[in-house]
Amino acid sequence: QLQLVESGGGLVQPGGSLRLSCVDSGFTLDYFAIGWFRQAPGKEREGVLCINSSGGRTNYADSVKGRFTISRDNANRTVYLQMNDLKPEDTGVYYCAARRGYCLEYESQYGAWGQGTQVTVSS
């Protein structure tokens with residue numbers, strides 16, 4: 001089964017950028033959709049962006065449109081979340097998750113999760 005590890009989080013000033021990585025320990029991500037989720041303190045975890053097995057992208061959070069981009073590099077078993085123009089409200093723990101085939105918004109539809117990486121945007 002997939003073993004996902006997120007990295008790239010940290011402390012950044014408003015307006016700054018971070019690139020998060022989600023790496024699988026297996027040999028291929030070709031058959032999986034990978035979603036990025038985030039959870040702010042006291043709030044439910046929400047879907048952010050997802051990329052399906054053929055490279056199609058879906059945005060689930062209006063607040064990140066035009067600022068966040070998801071991409072995948074199957075040869076390196078990695079999915080990226082490029083985050084630009086970060087805002088304090090982007091603060092939270094970011095998770096990547098995998099499911100077979102295509103993207104869905106809800107976390108219950110994903111079977112493999114990473115441990116999360118903390119993103120803190122300070123004002």
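In this text, all values refer to a predicted model and were calculated from it rather than measured experimentally. No hydrogens, no waters, no symmetry mates; every other heavy atom, side chains included, goes into these values.
Identified under the salt bridge (Lys or Arg N to Asp or Glu O under 4.0 Å) test for residues 52-63, with sequence neighbours left out: D62-K65.
Two residues are said to be in side-chain contact when any heavy atoms from C-beta on lie closer than 4.5 Å; W36 and I70 meet this criterion. A 4.5 Å side-chain heavy-atom check between F68 and V48 finds at least one atom pair inside the cut-off. Y80 has its side chain within reach of D73: a pair of non-hydrogen atoms, C-beta onward, lies under 4.5 Å apart. Taking the side chain as every heavy atom from C-beta outward, Y94 and Q118 never approach each other to under 4.5 Å. Looking at L4 and C22, their side chains come closer than 4.5 Å, going by heavy atoms from C-beta outward. For the pair E46 and Y60, the minimum side-chain heavy-atom distance is 4.5 Å or more. With a 4.5 Å cut-off on side-chain heavy atoms, E6 and Q115 count as touching. In this structure, P88 and P14 have side chains that are in contact, with non-hydrogen atoms separated by less than 4.5 Å.
Screening V93, L81, L20 for a side-chain contact (heavy atoms from CB on, under 4.5 Å) involving T117 leaves a single residue, L20.
In the displayed structure, E89 atom CD is contacted under 6.0 Å by more than 12 heavy atoms of other residues, nucleotides or ligands.
Counted by atom type alone, S25 and Q3 present one or more donor-acceptor pairs between their side chains at under 3.5 Å. Remark: the N52 side chain and the S54 side chain contain an N/O donor-acceptor pair separated by less than 3.5 Å.
To the nearest 0.5 Å, atoms CG (L104) and OG1 (T58) are separated by 9.0 Å. One distance of note links CZ of R100 with OH of Y31; it measures 10.0 Å at 0.5 Å rounding. Here the straight-line distance linking atom OG1 of T69 with atom CG of L49 works out to 7.5 Å at 0.5 Å rounding. One distance of note links SG of C96 with CD1 of I51; it measures 12.5 Å at 0.5 Å rounding. To the nearest 0.5 angstrom, S53 atom OG is 8.5 Å from D30 atom CG.
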(request) Evaluate the side chain to side chain contact (heavy atoms under 4.5 Å, CB included) criterion for residues S17 and Q82: first the C-alpha distance (whole Å), next the side-chain angles of each, then the deciding distance (0.1 Å), finally the verdict. (result) CA-CA 8 Å; S17 296; Q82 178 68 46; 4.0 Å; yes
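In this structure, R99 is positioned above the aromatic face of Y102, its NZ or CZ under 6.0 Å from the six-membered ring centre and within 45° of the axis. W113 carries R45 over the face of its six-membered ring, with the cationic atom under 6.0 Å from the centre and within 45° of the normal.
In this structure a side-chain-to-backbone donor-acceptor pair under 3.5 Å is missing from Y95 to G35. Looking at T91, its side chain never comes within 3.5 Å of a backbone N or O of T120 through a donor-acceptor pair. Between the side chain of N59 and the backbone N or O of A61, at least one donor-acceptor pair lies under 3.5 Å.
Scanning for side chain to side chain donor-acceptor pair (under 3.5 Å) contacts around S63 gives R38, with sequence neighbours left out. Partners of R67 under the side chain to side chain donor-acceptor pair (under 3.5 Å) rule, at least two apart in sequence or in another chain, are D90.
Note: F37 and Y110 have perpendicular aromatic rings, judged against thresholds of 30 and 60 degrees for the angle between ring planes.
Linking Ile, Leu, Val, Met, Phe, Trp and Tyr residues whenever their side-chain heavy atoms come within less than 4.5 Å leaves V119 and V23 in two separate clusters.
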